[in-house]
*Asks:* 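Let me begin by handing over the structure; questions about it come next.
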Amino acid sequence: MTSSSKGPPDRPTPAGPTPTGQAMWGGRFSDKPAELMQAINVSIGFDRRLAAQDLAGSRAHAAMLRKVGVITSEDETAIQGGLDAIEAEIAAGTFPFREEFEDIHMNVEARLRELIGPAAGRLHTARSRNDQVAVDFRLWVRDACDRTVGQIRALQKALVAKAEAHADAIMPGFTHLQPAQPVTFGHHLMAYVEMFGRDASRFADARARMNESPLGAAALAGSPFPIDREMTAKALGFDRPMANSLDAVADRDYALEALAAACICATHLSRLSEEIVIWMTPQFGFVKLSDAFTTGSSIMPQKKNPDAAELIRAKVGRLLGSFTQLTLVMKGLPLTYSKDMQEDKVPTFEAFDALELSLLAMAGMVADLEPDRERMAAAAGAGFSTATDLADWLVREAGLPFR
């Protein structure tokens, strides 16, 4: 491509690329990518969220390389110091994220070279971006599962507190949304405690299965260097290294499983949201929410809308879309890594963002919720909801066959 062709505008050559100005992967390339190629290829706009995980993986890798004698202690000290400086820049918001370096991995490496010089080039020994992104993303999903379990536990605590406060509040239990038998408000809320408990266990199960380290698989076939995969796995909190190098870079089951668990959890949130919406209607009038979790109308001053519940109810569509999107990305990919897999991150990030917000908002709503005991008790006595109890009494006392 000549300087007059339709390529990207000229930029100052950053410190990271080679002297000819191509990207760090461009050893055999003499020209820069076309502008459209750069636009579709770049991922730093979203994968910068992996910065903490990328730094953790690099720290573990550098320490291992020094231990096995692949790099010197001096180089490792320089690398670790540079990584600490990069972490501080990211925390301060001064790190120079640059699209010409495509992704978080190349951005960190380029900045490391600027900070410590040629020693930075030794960090990538016995490593590829394929196993690097595999470990970064696996660490991120693992962290997301841990956060989600904590948020679920907080919601369960809010439900238990509300259930205990209203353990004796009578309300109608429903089947087909018709009055069926009387129950208590506390008993009803405890059903959701059980549901969310299963959700937490699904995330814990997914975490246990994903807790294997892909680091050391390199591009796909491992490394000829005398690396210690057990050491890096332990340093990153993994139970063990992954057994197969091809699977290590190709696998995204852990993200799919986490998204499946997220979809089920969002479904439970949606069901509880639907009940809150129904209970707040004048026709039911079972519960009230304060102004903190409701909104008004632009033209109807009497309205008090349960918008938080409605928005949580809708989030399940976003999470299911994320699961479906990643499933379709992965369904036809041959082993091992294909660039299609760059599309794994945005749906996963978006899904967990939506789930986190929903769990936090639901915990707030549950704490804010106040039942109308008299209204619920009156509804529990309507619609012949004690008919089953009468039938059972006739069987017990009069000896009639139940049928």
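The structure presented is a predicted model; accordingly, all values stated were derived computationally and were not measured.
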*Asks:* Under a 4.0 Å N-O cut-off, is there an ion pair linking R207 with D146?
*Replies:*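 Yes, charged N to carboxylate O under 4.0 Å.
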*Asks:* Give me the atom names and distance for the closest heavy-atom approach of Q342 to V42.
*Replies:*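 Closest approach of Q342 to V42, heavy atoms only: NE2-O, 3.9 Å.
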*Asks:* Can you check whether L272 reaches I312 side chain to side chain, under 4.5 Å on heavy atoms?
*Replies:*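 Side chain of L272 against side chain of I312, heavy atoms only: no contact under 4.5 Å found.
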*Asks:* Is the shortest distance from a Lys or Arg side-chain nitrogen in R202 or D205 to a carboxylate oxygen in the other one below 4.0 Å?
*Replies:*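 Here R202 does not pair with D205 in a salt bridge, since their nearest N and O are not under 4.0 Å apart.
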*Asks:* Is R271 salt-bridged to E274, going by a charged N under 4.0 Å from an acidic O?
*Replies:*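 The answer is no: the pair does not qualify as a salt bridge.
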*Asks:* Return the CG to CD distance between L115 and E89, rounded to the nearest 0.5 Å.
*Replies:*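 It comes to 5.5 Å.
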*Asks:* I'd like to know if K234 pairs up with D239 as an ion pair, taking the criterion as any Lys NZ or Arg NE/NH1/NH2 lying under 4.0 Å from an Asp or Glu carboxylate oxygen.
*Replies:*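 Salt bridge absent between K234 and D239.
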*Asks:* Whether R209 and D253 form a salt bridge (side-chain N of Lys/Arg under 4.0 Å from carboxylate O of Asp/Glu) is what I want to check.
*Replies:*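 Salt bridge between D253 and R209, a charged N being under 4.0 Å from a carboxylate O: no.
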*Asks:* Run the salt-bridge test on E370 and K162 with the 4.0 Å N-O cut-off and return the result as yes or no.
*Replies:*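 Salt bridge: yes.
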*Asks:* Would you check if the side chain of S213 reaches a backbone N or O of A233 as a donor-acceptor pair within less than 3.5 Å?
*Replies:*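 Judged by distance alone, no pair lies under 3.5 Å.
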*Asks:* Is a donor from one side chain sitting under 3.5 angstrom from an acceptor on the other, for H105 and D136?
*Replies:*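 Checked: H105/D136 side chains pair up, N/O donor to acceptor below 3.5 Å.
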*Asks:* Can you see whether T295 engages D307 through a side-chain donor-acceptor pair at a distance of less than 3.5 angstrom?
*Replies:*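 Yes, a side-chain donor-acceptor pair sits under 3.5 Å.
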*Asks:* Between R127 and F225, is NZ or CZ placed under 6.0 angstrom from the six-membered ring centre and within 45° of the ring axis?
*Replies:*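 No cation-pi geometry.
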*Asks:* Rounded to the nearest 0.5 Å, how far does CG of D84 lie from CD1 of I79?
*Replies:*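 Interatomic distance, I79 CD1 to D84 CG, rounded to 0.5 Å: 12.0 Å.
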*Asks:* Would you mind reporting whether D372 and F286 have side-chain heavy atoms less than 4.5 Å apart?
*Replies:*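 In short, these two side chains do not touch, never coming nearer than 4.5 Å.
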*Asks:* Carefully, step by step, assess K288 and D368 under the rule salt bridge (Lys or Arg N to Asp or Glu O under 4.0 Å).
*Replies:* CA-CA 8 Å; K288 295 177 181 178; D368 187 67; over 6 Å; no
*Asks:* So, E350 and R49, do they make that salt bridge, N to O below 4.0 Å?
*Replies:*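 Result for this pair is no, no salt bridge flagged.
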*Asks:* So, applying side chain to side chain contact (heavy atoms under 4.5 Å, CB included) with M242, which one of V135, L215, D251 is it?
*Replies:*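 Going through the options one by one, the only one that passes is D251.
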